[in-house]
Amino acid sequence: MLRGKSEEEVALVRESSLLVGKTLAEVAEMIKPGVTPKELDKRAFEFISDNGAVPGFLNYNGFPNSLCISRNEAVVHGIPDSKPLVDGDILSVDCGVLMNGFFGDSAYTFAVGNVSDEITKLLETTKRSLEKGIEQAIVGNRVGDIGYAVQFEAESNGFGVVRELVGHGLGRELHEPPEVPNFGRRGKGPRLIDGLVIAIEPMINLGKKEVTQLRDGWTIVTADRKPSAHYEHTIVVRRDKAEVLSTFKYIEEKLNVIV
Ligand code: MG
Ligand code: MG
């Protein structure tokens with residue numbers, strides 16, 4: 001049985017999620033050729049700590065860093081390394097924070113310098129698939145409605161939808177029920193209730209949907225080693241329209257994206 005969160009609880013998730021958005025913007029400002037993922041991770045750790053919060057991923061099941069940074073063929077759960085970024089890379093940066101007992105969780109995929117047209121299309125489609133999923137996150141719909149919307153948007157543009165990793169509920173825990181797959185059937189799965197807080201996070205591959213894990217025990221990469229994109233928002237299910245608790249506003253101000 002799923003539980004909707006109280007207004008007080010939602011407010012705390014909103015605060016944590018807002019800090020995630022601001023942290024991602026701090027990182028966004030630094031992303032350019034020559035910078036290393038480790039430097040981005042260090043900045044995130046400092047910014048989160050300076051704001052009185054704790055990095056949500058650090059030591060989570062033994063994860064060694066504050067950010068998951070997944071480059072090119074890495075889908076998610078990449079460990080920040082010391083390899084400088086190069087023009088044409090894409091970088092998925094996933095950030096969680098824990099503040100006042102509640103988590104926030106959000107991710108954004110950045111283009112480093114100039115990327116190819118097909119990668120631009122992958123990024124735009126993945127972000128749009130997240131928006132389509134959020135549109136379905138209303139009271140009375142089911143989890144499958146979200147997954148169907150994400151999957152339809154991605155597959156109708158010719159991209160592969162990762163099956164092995166999914167979105168999730170969150171609150172006092174980083175991962176709570178329900179699981180929120182990026183694929184599904186309309187009208188199937190748990191019913192969405194008012195106040196349910198979930199992270200919707202499409203992981204969309206330029207090529208085939210299959211993934212594999214590297215021997216570091218963390219990094220998930222595409223089986224065909226083609227690039228993959230990942231965007232994530234923490235949202236709360238409401239009656240007519242979900243409220244998005246995390247935000248890309250600060251990121252996109254830094255990137256001069258017209259939204
Ligand atoms: Mg995340
Ligand atoms: Mg998540």
Side-chain angles (χ1 to χ4, degrees), residues 2 5 13-28 37 40-41 44-45 47-48 53-71 74-80 90-99 102-110 123 126-127 129-131 133-134 137 143 146-147 150 161-184 196-204 211 213 218-221 228-237 242 244-248 250-251:
L2 297 173
K5 289 186 164 53
V13 177
R14 189 185 291 113
E15 273 188 52
S16 297
S17 301
L18 201 60
L19 179 57
V20 172
K22 289 178 178 174
T23 306
L24 288 171
E26 287 295 309
V27 168
L40 303 178
D41 180 69
F45 176 83
F47 188 78
I48 292 167
V54 175
F57 302 161
L58 186 60
N59 301 321
Y60 184 84
N61 291 337
F63 189 77
N65 292 88
S66 299
L67 299 176
C68 293
I69 301 185
S70 308
R71 185 192 314 223
V75 180
V76 287
H77 301 169
I79 299 171
I90 58 170
L91 208 61
S92 157
V93 181
D94 194 347
C95 180
V97 311
L98 174 61
M99 186 165 65
F102 285 82
F103 282 91
D105 189 7
S106 180
Y108 198 93
T109 302
F110 298 91
L123 299 182
T126 306
K127 198 170 147 211
S129 75
L130 170 58
E131 290 159 6
I134 292 170
V143 167
I146 297 173
V150 171
V161 177
V162 174
R163 302 296 202 275
E164 288 82 351
L165 300 117
V166 297
H168 51 93
L170 72 161
R172 286 194 178 277
E173 304 292 335
L174 179 57
H175 296 112
E176 297 180 358
E179 289 195 343
V180 184
N182 297 303
F183 57 95
L196 183 70
V197 173
I198 53 175
I200 303 177
E201 49 179 318
M203 291 154 243
I204 307 298
V211 297
Q213 190 172 42
W218 282 105
T219 315
I220 305 294
V221 297
S228 181
H230 177 218
Y231 292 81
E232 175 179 25
H233 269 316
T234 296
I235 67 111
V236 57
V237 173
V244 181
L245 300 174
S246 51
T247 178
F248 295 154
Y250 303 107
I251 298 170

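Order of appearance sets the numbers: ligands from 1, and atoms from 1 within every ligand. Worth knowing before you read on, the calculation uses all heavy atoms, side chains too, and leaves out hydrogens, waters and symmetry mates. Positions are given from 1, in the same order as the sequence printed here.
- Proximity of a side-chain donor or acceptor of Tyr231 to a complementary backbone N or O of Thr109 within less than 3.5 Å is detected.
- Within the 3.5 Å criterion, the main-chain N or O of Ser66 finds a donor-acceptor partner in the side chain of Asp41.
- Closer than 2.8 Å to the Mg ion (ligand 2) sit the protein N, O or S atoms Asp105 OD2, His168 NE2, Glu201 OE2, Glu232 OE2.
- Taking the six-membered ring for Trp, His175 and Tyr60 have ring centres closer than 6.0 Å.
- Within 6.0 Å of atom CD in Glu131, more than 12 heavy atoms from other residues, nucleotides or ligands are found, so the atom counts as buried in its surroundings.
- For the pairing with Ser246, the side chain to side chain donor-acceptor pair (under 3.5 Å) check across Arg14, His233, Glu232 returns one residue only, His233.
- Enclosure of atom CZ in Phe63 by more than 12 non-hydrogen atoms of other residues, nucleotides or ligands within 6.0 angstrom is indicated.
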